Structure formats: C-alpha cells, structure tokens
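Report on one structure; see the data block that follows.
Both ligands and their constituent atoms are indexed starting at 1 by order of listing. Every value quoted in this text rests on a predicted model; they were computed, and no experiment measured them. Residue numbers run from 1 in the order of the sequence given.
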Amino acid sequence: RDTDCQVINVDKLTYAGNLDSLSEIMSSPGHIFEQEDICDGKAMERIFAQYQPDAVMHLAAESHVDRSITGPAEFIQTNVLGTYNLLEAARNFWSGLDEQGRARFRFLHVSTDEAYGDLRPDDQPFTEETPYLPSSPYSASKASSDHLIRAWNRTYGLPVLITNCSNNYGPYQFPEKLIPLMILNALEGKPLPVYGKGENIRDWLYVQDHARALHTVLVKGRPGRTYNIGGNCEKQNIEVVRTICDILDEMKPANGCRIPTAGCRELITFVPDRPGHDLRYAINDTRIRRELGWFPQESFASGLQKTVKWYLDNPQWVERVRTGAYREWIRANYEMQGREGF
Ligand code: DAU
C-alpha cells in the first residue's frame, strides 16, 4: 500500500497459508501471486528469471514450536533445505547481474529471537551479538538457516540482511499461536490452555510495526548486518491471557458466542508444560532504533484491542482457516499428555 514497488508473493499455501488473507490486494497491479515451494529449485529459478527482482524478503518458514516438537522433519525441509535452495537460486541470479545491479540487490532473511535461546528473569535482553543457543527443533532450524545466510554473505558476497524478531500478534494470524487461539477458544466457551504456570515471558510486537521494520531494514539496512526487532513489551503469558479475557468481557460479543456469564477468566486452564519450554525472550533493539530510526508505534493495550476486534469482525476468515486438518492438529496437540477437552 505504501510503496510503488511490485511485490511477487511466493507461497506454497500449506495449512497456515490462505488466499482469503490476500483478498484486499489480489487485484492490485502492485501484487502478483505465485503458488510455489521454496524447496523447488526449478520453480525458484523461473521466478528469478521471469521477474528479475531487486530484492528478496524471505519469510517462508514452518513457524510453530509445538508442531516442530510433534513433527520436526518439515522444519528441516522448509527452513533449512528451503533456505539453502532459495539462497542458491538468488546467488545464481545475482551473479548474472551487472556491477550496479549486484551492488543494489538485497536478500533479507526474516528470523526469530528464539535462535538466541532463552533468558532468566534477570538476564539482559538479547543483542545482535548474543551467541545462538536454540532449544526447539523449530528454533534450531531457524538458527541453521541464519548460519547459511551469513555464510553466503561471507563466502560469495551475497548482500544479505537478517532480522531477529520477537513474538508477533495482530490480524490474520493463524489460530495455533497463543493470542488468536485464546480469543477463538474463549468465544466458543472452550478451555484456555495455559502451559505450565503461565509464567513464561514473551516480548509482543504488533504485526504492522514488524512490517514497517522489515521495510526499513530492506531499504536502509547495511548488507551483512543483523537487526533485532522487538515490541519493548515483555509480558507473562498469564497476563496476556487475562487481558484478552477482560477485553472480551468488555466487548460482550454477540452472535452465538459462548463466553461464560461469570466471565472469560473462568475458562483459564493450566495444562502440562511444553517440552523444553523457553522461559523468557526479550529484545535489545538499540541498533535498529539508532541506526535506522525505527521504533514500535503500537501499544500492547491498543494492539490487543484491535486484534480481538479483528477476530470478532472476521468470522468467515476464521471459519475458512479452521479446516478439518486444523481441528485434527489442535485435538492431537492438546490431548497429548492427557490434556482432554480441547
Ligand atoms: O519469539 C518469536 C517466535 O514467537 C516466533 O519465531 C515463532 O514462530 C512464534 O510461533 C512464537 O513462538 P512462541 O512459541 O513463543 O509462540 P506461541 O504463540 O506458540 O506461544 C507463546 C507462549 O504461550 C509460549 O510461552 C507458549 C505459550 N502457550 C502457547 C499456546 C499455543 C500456551 O501457554 N498455551 C498455548 O495453547
């Protein structure tokens, strides 16, 4: 919306992808959709040759930690091998450009703060120099892909950028992640499954702030450099869930909603912890603030309000993403270790 760029949107449309999320921009001349898999080398070659991009923003990944615990193979396939494949296609294209084109080209890899491991309550937030110490198959696969990106920069000179962001939230998020899962379960009067004691801490970043940060890094970032992106908003999970409950109680949604009359908090249910559960993530975002002038603009209070409202206003989108496969996964995940009734 805010640039003259043309965006070639390449997506495999796995369980979490959904063309409905693109309906607003599908007919825009600034947006072209290609359904392809980054693991398909020939397809990636074709896309580079056909569209001659100035830049790649690589956001394609398996991203849900719980899924990586029950089935790590796809995380290695997409996040590690897919990244390798995309890097090679980009390098082949980039090395065929003239000097000016090579200097202008950018490859931005969108990664995660989880690659750094986790923090104790008194530890200093992650900086770009924090050593990698991933805990889950998901974060290990993202850490691996970051290593590939840096190696392609150092060895071949590919002008890469890496961003490590904290937990995103906002409209259009697939309802396996904490915030949309809690909103939608509450509306149906289902238990709100809080892992362990709910004391784990995440740093919440509104999705529009993240999108602005990615554009800023792409346009102004120094090739070869990493930028942390955070929301400056650390919260315990239980606090997040209670806040969602309070917003829903206040909004009093109608339309077949099954929130208990005593209030949403009644639904909070503590369930066995996630194996290897990271205690705390926190981001030191001094570099992106000082060097590129970016900072988060949304407060958690207003971002969460907007998010809850978006899910209430878009029941059709919700219904369509909740396919049979989604329901099956939710059941399998929360029934694991005897978490029944989810
Ligand atoms: O930090 C960035 C990362 O944030 C991204 O790289 C990941 O792709 C993204 O999924 C997210 O990882 P988390 O594991 O922190 O997100 P998730 O929404 O799965 O969980 C957030 C916290 O809430 C975490 O401490 C686990 C807890 N949780 C999650 C679910 C789904 C619950 O207590 N109950 C739940 O049902």
Side-chain angles (χ1 to χ4, degrees), residues 16 58-70 74-75 78-79 109-119 125-126 130 132 134-146 162-170 173-186 190-207 209-210 213 228-231 233-245 267-283 285 304 307 326 329-337 339 341-342:
H58 173 26
L59 299 105
E62 290 291 335
S63 73
H64 193 47
V65 174
D66 293 324
R67 282 186 192 255
S68 83
I69 295 168
T70 50
E74 291 201 46
F75 287 73
T78 297
N79 300 358
H109 185 230
V110 179
S111 191
T112 169
D113 58 2
E114 297 196 17
Y116 297 122
D118 69 348
L119 299 166
F126 303 127
T130 303
Y132 274 22
S135 320
S136 70
Y138 160 67
S139 51
S141 72
K142 289 296 287 185
S144 309
S145 59
D146 287 348
I162 296 179
T163 54
N164 294 79
C165 70
S166 59
N167 284 60
N168 280 221
Y169 72 103
Q173 190 169 33
F174 193 77
E176 62 191 354
K177 303 286 167 85
L178 180 75
I179 289 181
L181 182 88
M182 295 296 158
I183 299 170
L184 298 180
N185 273 19
K190 288 185 177 165
L192 307 180
V194 175
Y195 296 167
K197 294 183 182 151
E199 287 170 349
N200 304 68
I201 294 171
R202 298 293 183 263
D203 174 1
W204 293 96
L205 172 65
Y206 192 63
V207 64
D209 277 331
H210 189 200
N228 281 351
I229 308 171
C233 175
E234 285 185 59
K235 305 261 176 235
Q236 285 196 333
N237 292 339
I238 188 67
E239 189 187 342
V240 172
V241 176
R242 286 189 183 131
T243 312
I244 293 170
C245 288
L267 299 170
I268 294 176
T269 308
F270 293 93
V271 300
D273 213 351
R274 171 187 279 174
H277 199 173
D278 282 339
L279 180 64
R280 172 178 166 236
Y281 307 137
I283 288 269
D285 64 358
L304 201 56
T307 305
Y326 168 81
W329 149 252
I330 290 287
R331 194 162 36 248
N333 188 52
Y334 294 99
E335 283 180 7
M336 202 172 61
Q337 304 165 5
R339 303 169 195 179
F342 295 95

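Although no hydrogens or angles enter the test, the distance criterion places a donor-acceptor pair under 3.5 Å between the side chain of Asn79 and the main chain of Glu62. When atom types are taken as modelled, the side chain of Asp118 and the backbone of Leu279 share a donor-acceptor pair closer than 3.5 angstrom. Looking only at distances, no side-chain donor or acceptor of Asp113 sits under 3.5 Å from a matching main-chain atom of Tyr281. For Asn185 (side chain) and Ile183 (main-chain N/O), no donor-acceptor pair under 3.5 Å exists by modelled atom type. Looking only at distances, a side-chain donor or acceptor of Gln173 sits under 3.5 Å from a matching main-chain atom of Asn168. Although no hydrogens or angles enter the test, the distance criterion places a donor-acceptor pair under 3.5 Å between the side chain of Asp203 and the main chain of Cys233.
Protein heavy atom in closest approach to atom 23 (O) of ligand 1: Asn237 ND2, 3.3 Å. Looking only at heavy atoms of the protein, atom 33 (O) of ligand 1 is closest to Tyr195 N, 2.8 Å. Summary of contacts: the protein heavy atom closest to atom 18 (O) of ligand 1 is Leu178 N, 2.8 Å. Of all protein heavy atoms, the one lying nearest to atom 36 (O) of ligand 1 is Tyr334 OH, 2.7 Å. Looking only at protein heavy atoms, the nearest one to atom 16 (O) of ligand 1 is Asn167 ND2, 3.4 Å.
With a heavy-atom cut-off of 4.0 Å, Val65 touches ligand 1 through its side chain alone. Proximity of Ser166 to ligand 1, defined as any heavy-atom pair under 4.0 Å, is confined to the backbone N, CA, C and O atoms. At a heavy-atom cutoff of 4.0 Å, ligand 1 is contacted by the side chain of Glu114 but not by its backbone. Only side-chain heavy atoms of Leu181 come within less than 4.0 Å of ligand 1; its backbone N, CA, C and O stay farther off. Only the side chain of Asn200 comes within contact range of ligand 1, with a heavy atom under 4.0 Å; no backbone atom does.
Distances below 4.0 Å separate heavy atoms of Asp113 from the following atoms of ligand 1: 1 (O), 2 (C). Those atoms of ligand 1 with a heavy atom of His64 less than 4.0 angstrom away are 19 (O). Near Ser63, with a cut-off below 4.0 Å to any heavy atom, the atoms of ligand 1 are 7 (C), 8 (O), 9 (C), 10 (O). If you number the atoms of ligand 1 from 1 as listed, the ones under 4.0 Å from a heavy atom of Val194 come out as 33 (O). Listed by number with element, the atoms of ligand 1 under 4.0 Å from a non-hydrogen atom of Glu176 are 31 (C). For ligand 1 and Tyr138, the ligand atoms under 4.0 Å from any heavy atom of the residue are 5 (C), 6 (O), 7 (C), 8 (O). Within the listing of ligand 1, atoms 8 (O), 9 (C), 10 (O), 18 (O) sit less than 4.0 angstrom from a heavy atom of Lys177. Numbered from 1 in the order shown, with element, the atoms of ligand 1 that lie under 4.0 Å from a heavy atom of Pro193 read 32 (C), 33 (O), 34 (N), 35 (C), 36 (O).
Selection from Arg280, Arg202, Arg274 by nearest heavy atom to atom 19 (O) of ligand 1 gives Arg274.
Here the OH-OG1 distance, from Tyr138 to Thr112, works out to 4.0 Å after rounding to the nearest 0.5 Å.
Residues passing the ring-ring contact (aromatic ring centres under 6.0 Å, His included) test with Phe75, sequence neighbours excluded: none.
Within the 4.0 Å heavy-atom shell around ligand 1 one finds His277.
A side-chain N or O of Tyr195 and one of Asp66 form a donor-acceptor pair less than 3.5 Å apart. Remark: the Lys142 side chain and the Ser63 side chain contain no N/O donor-acceptor pair separated by less than 3.5 Å. Using modelled atom types and a 3.5 Å distance limit, the side chains of Ser139 and Ser136 yield a donor-acceptor pair.
Between Ile268 and Arg242, the closest side-chain pair of non-hydrogen atoms falls below 4.5 Å.
Closest non-hydrogen pair, Ala60 versus Thr78, comes out as O-CG2, 4.3 Å.
At a 3.5 angstrom cut-off on N or O pairs, Tyr281 does not count as close to ligand 1.
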